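This one's a predicted model, so the numbers in the text were calculated from it and none came from an experiment.
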Amino acid sequence: MLKWFDEHFEEFLMIVFLILISCVMMLQVIVRKIPSIPSLTWAEEFSRFMWIMSVFVSLPYTIRKSNMLRVNVIIDMLPQMLRKVINLAVDIIVGLSMALLAYHSRASLMRTLESGETSAAMQWPIWILYAFVFAGFALATLRSIQMVIIHLQHLEDREMTTLEQTIADAAAEAEAAKKAEGAN
């Protein structure tokens, strides 16, 4: 269970949000074409909420999968140990940044809870969005700490360059495609 949570929790939530957005937007398109049914006034706001929630859930996902936006061309040319030190420093800086953002988003969440503000169309409490902002930054902080620990545990291992990793990923995808073809 913990392994599934570690590998797929954020991914699962992002899939759920995407499915909800797709279904509600498709329903809105269909309803607009039927003259006797009024359009769904809440559909766009609901989709916006789901999109915002998916953005903040994707943040810890990108940290855990080491897919955060980085330019590694210069880092790939450095010696192995220096590369690892720089990556650890980046992980620590990202973790501290996420912790700072979590701290401030918690304060915003508390203010929003006290205000009782609701959304225009659905009348949902706005604190729900702020809770996802806080949760996203808090989980990103935990994922950053996790990545620091993982990188420290593998300090002696050889790290692939961006090009080597891309070639390995392409080979894995090609192998998965061959297996999928064989299954059909």
Side-chain angles (χ1 to χ4, degrees), residues 1-22 47 49-109 129-184:
M1 180 66 172
L2 283 175
K3 184 177 183 200
W4 179 90
F5 185 83
D6 179 44
E7 294 176 0
H8 301 293
F9 175 68
E10 297 97 341
E11 192 175 48
F12 171 76
L13 287 177
M14 288 187 299
I15 290 169
V16 168
F17 293 143
L18 180 61
I19 289 170
L20 287 171
I21 291 168
S22 300
S47 294
F49 274 35
M50 294 299 112
W51 181 78
I52 292 168
M53 291 174 184
S54 71
V55 165
F56 284 98
V57 168
S58 71
L59 183 60
Y61 176 79
T62 59
I63 291 171
R64 178 62 182 102
K65 298 295 182 183
S66 296
N67 288 335
M68 288 196 69
L69 185 60
R70 293 183 184 186
V71 179
N72 286 335
V73 175
I74 296 174
I75 292 175
D76 284 348
M77 292 188 287
L78 298 174
Q80 211 38 245
M81 191 49 78
L82 184 57
R83 212 182 319 171
K84 290 192 175 277
V85 168
I86 289 172
N87 284 335
L88 271 172
V90 168
D91 288 339
I92 291 168
I93 291 168
V94 167
L96 292 172
S97 300
M98 294 300 120
L100 183 65
L101 290 167
Y103 174 79
H104 287 292
S105 64
R106 183 187 175 282
S108 296
L109 171 60
L129 279 179
Y130 283 85
F132 268 88
V133 172
F134 170 69
F137 286 136
L139 190 53
T141 303
L142 294 175
R143 290 295 194 177
S144 295
I145 293 167
Q146 180 184 23
M147 292 310 293
V148 167
I149 293 167
I150 288 171
H151 286 137
L152 284 173
Q153 289 173 340
H154 297 282
L155 201 56
E156 297 301 317
D157 298 350
R158 184 184 178 282
E159 193 174 283
M160 287 195 277
T161 65
T162 305
L163 180 61
E164 292 169 336
Q165 185 65 51
T166 302
I167 292 170
D169 291 345
E173 287 180 24
E175 185 63 34
K178 285 181 185 177
K179 286 182 182 178
E181 283 180 13
N184 291 332

Between Leu142, Leu139, Val94, which is the residue that forms a side chain to side chain contact (heavy atoms under 4.5 Å, CB included) with Ile63?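 Between Ile63 and the candidates, side chain to side chain contact (heavy atoms under 4.5 Å, CB included) is satisfied uniquely by Val94.
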
Is a side-chain N or O of [X] found less than 3.5 angstrom from the main chain of [Y], in a donor-acceptor match?
X	Y	answer
Lys84	His154	yes
Gln80	Glu159	yes
Asp76	Thr162	yes

Grab the two heavy atoms, one from Pro60 and one from Gly136, that are nearest each other, plus how far apart they are.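 Reported closest heavy-atom pair: CD-O, 3.8 Å.
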
State, to 0.1 Å, how close Met98 and Thr141 come at their nearest heavy-atom pair, and which atoms those are.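 Nearest pair, atom of Met98 first, then Thr141: C-OG1, 3.1 Å.
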
Indicate yes or no: at least one non-hydrogen side-chain atom of [X] is less than 4.5 angstrom from one of [Y].
X	Y	result
Leu18	Met14	no
Ser47	Ile21	yes
Phe137	Phe56	yes
Phe132	Phe49	no
Arg83	Thr161	yes
Gln146	Ile150	yes

Just verifying a value: how many Å separate [X] [atom1] and [Y] [atom2], rounded to the nearest 0.5 Å?
X	Y	atom1	atom2	answer
Met160	Thr166	CE	OG1	9.5 Å
His104	Phe134	NE2	CZ	12.5 Å
Leu129	Leu109	CG	CG	10.5 Å
Ile145	Met147	CD1	CE	12.5 Å

For atom [atom1] of [X], is the number of surrounding heavy atoms from other residues, nucleotides or ligands below 6.0 Å larger than 12?
X	atom1	result
Arg106	CZ	no
Ile74	CD1	no
Tyr130	OH	no

Would you say the side-chain atoms of His151 and Asn87 include a donor-acceptor pair closer than 3.5 Å?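 No pair is found: no donor N or O on one side chain lies under 3.5 Å from an acceptor on the other.
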
Give a yes or no on whether a salt bridge exists between Lys65 and Glu10, defined as a side-chain N under 4.0 angstrom from a carboxylate O. no

Let's go through Val148 and Ser144 carefully: what are the C-alpha distance in whole Å and the side-chain angles of both, what is the deciding distance for side chain to side chain contact (heavy atoms under 4.5 Å, CB included) to 0.1 Å, and is it a yes or a no? CA-CA 6 Å; Val148 167; Ser144 295; 5.7 Å; no

Take Asp6 and Arg64, measure what salt bridge (Lys or Arg N to Asp or Glu O under 4.0 Å) needs, and give me the verdict at the end. CA-CA 9 Å; Asp6 179 44; Arg64 178 62 182 102; 3.1 Å; yes

